[in-house]
Amino acid sequence: MPAASLLLDWYDRHRRTLPWREATRDPYRIWLSEVMLQQTTVAAVGPRWLRFLARFPDVGTLAASPWADVAEEWAGLGYYARARNLHACAQAVVARGGFPTTEAGLRELPGIGAYTAAAVAAIAFGREVVPLDGNVERVTARLAAIEDPLPGARPRLNRLAQHWMEQPAARARPGDFVQALFDLGATICVPRNPACAICPWLQGCEGQRSGIAPTLPRKAAKKARPLKRGVHFLLLDGAGRLLLRRRPPTGLLGGMLELPGTPWRETPWTEAEIPPFAPLPGLTWRALDGEAKHGFTHFELHMALRVATLPNSDAPDGEWLTPQAARAALPGTMQKLLDLAASAGALREG
DNA sequence: AATCCGGGGAC
DNA sequence: GTCCCAGGATT
């Protein structure tokens, strides 16, 4: 088994300097970083973590804040169920008087799965457990030359990874040891072209010895993504503000703001089907040229856009925001519709 | 076990 | 274009 001390020595010399590593073991800050880092790159999280903390400096502030504020702060980060669970988790933590300090206790909270429970337990509370993230999966699969494909191989990889923590050097510094594994996977044992020559665990890496390390871990084939289409509506009032509505609390972009529109489906929309979805169907809607394109995890989306100005009549239900405020509060998908409108000169903004 | 859930950066 | 990212919830 590769020596934990070799990895920790390497970590002490080469570890990444990251905002959430600033000598704090505040579980709130560790937890927030781990949730933001779920399927999200370190580079993307850095500034967002700092901005989030400035607005919600502690778990009590977050728990007491309205959802609309949390949604606005999370806009653009993706996977919005994380924000909903984050909000619910903060309220649960306040209700129980603080964060649980064990992996099992953390695992009970909303938005905290096997990985995040282990990561917070190890980093914030010094528990001896290895979180199995994409980095640890890759490092472990290569060290042990595991050729079984993910996700089926995950239980086996997890059992192997837990053994790293049994060494006294690792047990003396659990949080540092797991972050050393992250850094090894993020800077040396990377998916493509790993830098095996400078790896502190080169000796004892069976994947490297057998020459298959760069091809691991193997993964099951992925499904093709269908193309869906929708038509959205940009309604402007006399002051140049635009109408947004809030999506249902669960599902795709759940709880986030959007431009009103048709549902998204694979069958193209016929002209006769579209008007009932407009905020004011009787208005004269001008169709803009082009489409906004956005890729989701499991389908590709093309959105057309129609524009109208609100006459002196009853305004439909929704929220009226300036283009600047709308852009700040909208998920990336909807920001692309504003881009389309702006390029057509249909928007008053700076 | 399979599917749903964003967005961006590296290649 | 493809792949990946400090994954979780639901079915």
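Note on naming: letters A, B, ... go to the chains in the order of the sequence lines (proteins, then strands), and numbering restarts at 1 for each one. Just so you know, these numbers use all the heavy atoms, side chains as well, and skip hydrogens, waters and symmetry mates.
When only modelled atom types and interatomic distance are considered, A/R138 and A/N135 share a side-chain donor-acceptor pair under 3.5 Å. Looking only at atom types and distance, the side chain of A/R107 has no donor-acceptor partner in the side chain of A/T116 under 3.5 Å away.
The phosphate of C/dC5 (OP1 or OP2) has a side-chain N or O of A/R138 nearer than 4.0 angstrom. Contact annotation: A/T116 side-chain N/O to C/dG8 OP1/OP2 distance is under 4.0 Å. Taking 4.0 angstrom as the limit, A/Q39 places none of its side-chain polar atoms (N or O) nearer than this to OP1 or OP2 of C/dC5. Distances shorter than 4.0 Å separate none of the side-chain N or O atoms of A/H294 from OP1 or OP2 on B/dG6. Between B/dC5 and A/H298, a contact under 4.0 Å exists linking OP1 or OP2 to a side-chain N or O.
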Working note: A/D148 + A/R218, criterion salt bridge (Lys or Arg N to Asp or Glu O under 4.0 Å); need CA distance, chi angles, decisive distance, verdict. CA-CA 7 Å; A/D148 303 343; A/R218 310 244 198 269; over 6 Å; no

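Straight-line distance from the CG atom of A/L301 to the P atom of B/dG6: 12 Å, rounded to whole Å. Regarding A/I112, its CD1 atom lies at a distance of 14 Å from the C1' atom of C/dA6, rounded to whole Å. Remark: P of B/dG6 and CD of A/E300 are 15 Å apart, rounded to the nearest angstrom. For the pair A/F296 CZ and B/dC4 P, the interatomic distance rounds to 13 Å; values are reported in whole Å. In this entry the distance linking CZ of A/R327 with P of B/dG7 reads 14 Å, nearest Å. Spacing between atom OH of A/Y115 and atom C1' of C/dC5 amounts to 11 Å, rounded to whole angstrom units. Going from atom NE2 of A/H87 over to atom P of C/dG8 covers 20 Å, rounded to whole Å. One can place CG of A/D183 at 10 Å from P of C/dA6, the figure rounded to the nearest angstrom.
When heavy atoms are screened at a 4.0 angstrom cut-off, A/L77 is found touching base atoms of the nucleic acid. A/G76 comes within 4.0 angstrom of sugar-phosphate atoms only, judged by non-hydrogen atoms across all strands, and of no base.
Between A/E34 and A/R225, it is A/R225 whose nearest contact on DNA chain C lies nearer the 5' terminus. Of the two residues contacting DNA chain B, namely A/P155 and A/T40, the nearest-nucleotide position lying further toward the 5' end is that of A/P155.
Among the nucleotides B/dA10, C/dA9, C/dA6, the one closest to the side chain of A/N85 is C/dA9. Here the side chain of A/T297 is nearest to one of C/dA6, C/dG8, B/dG6, namely B/dG6. Comparing atom distances between the A/L252 side chain and each of B/dC5, B/dA10, C/dG7 picks out B/dC5 as nearest. For A/R21, the side-chain atoms get nearest to C/dA6 when compared with the rest of C/dC4, B/dG6, C/dA6. Taking every side-chain heavy atom of A/K223 into account, B/dC4 is the closest of B/dC4, C/dG7, B/dC5. Distances from the side chain of A/Y79 to the nucleotides B/dC5, C/dA6, B/dG7 place B/dC5 closest.
Seen from the ring of A/W74, A/R51 does not count as a face-on cation partner, given the 6.0 Å and 45° thresholds.
Look at the P atom in both B/dC5 and C/dA6: the space between them is 23 Å, to the nearest Å.
With hydrogens and angles ignored, a donor-acceptor pair closer than 3.5 Å exists between the side chain of A/R16 and the base of C/dA6.
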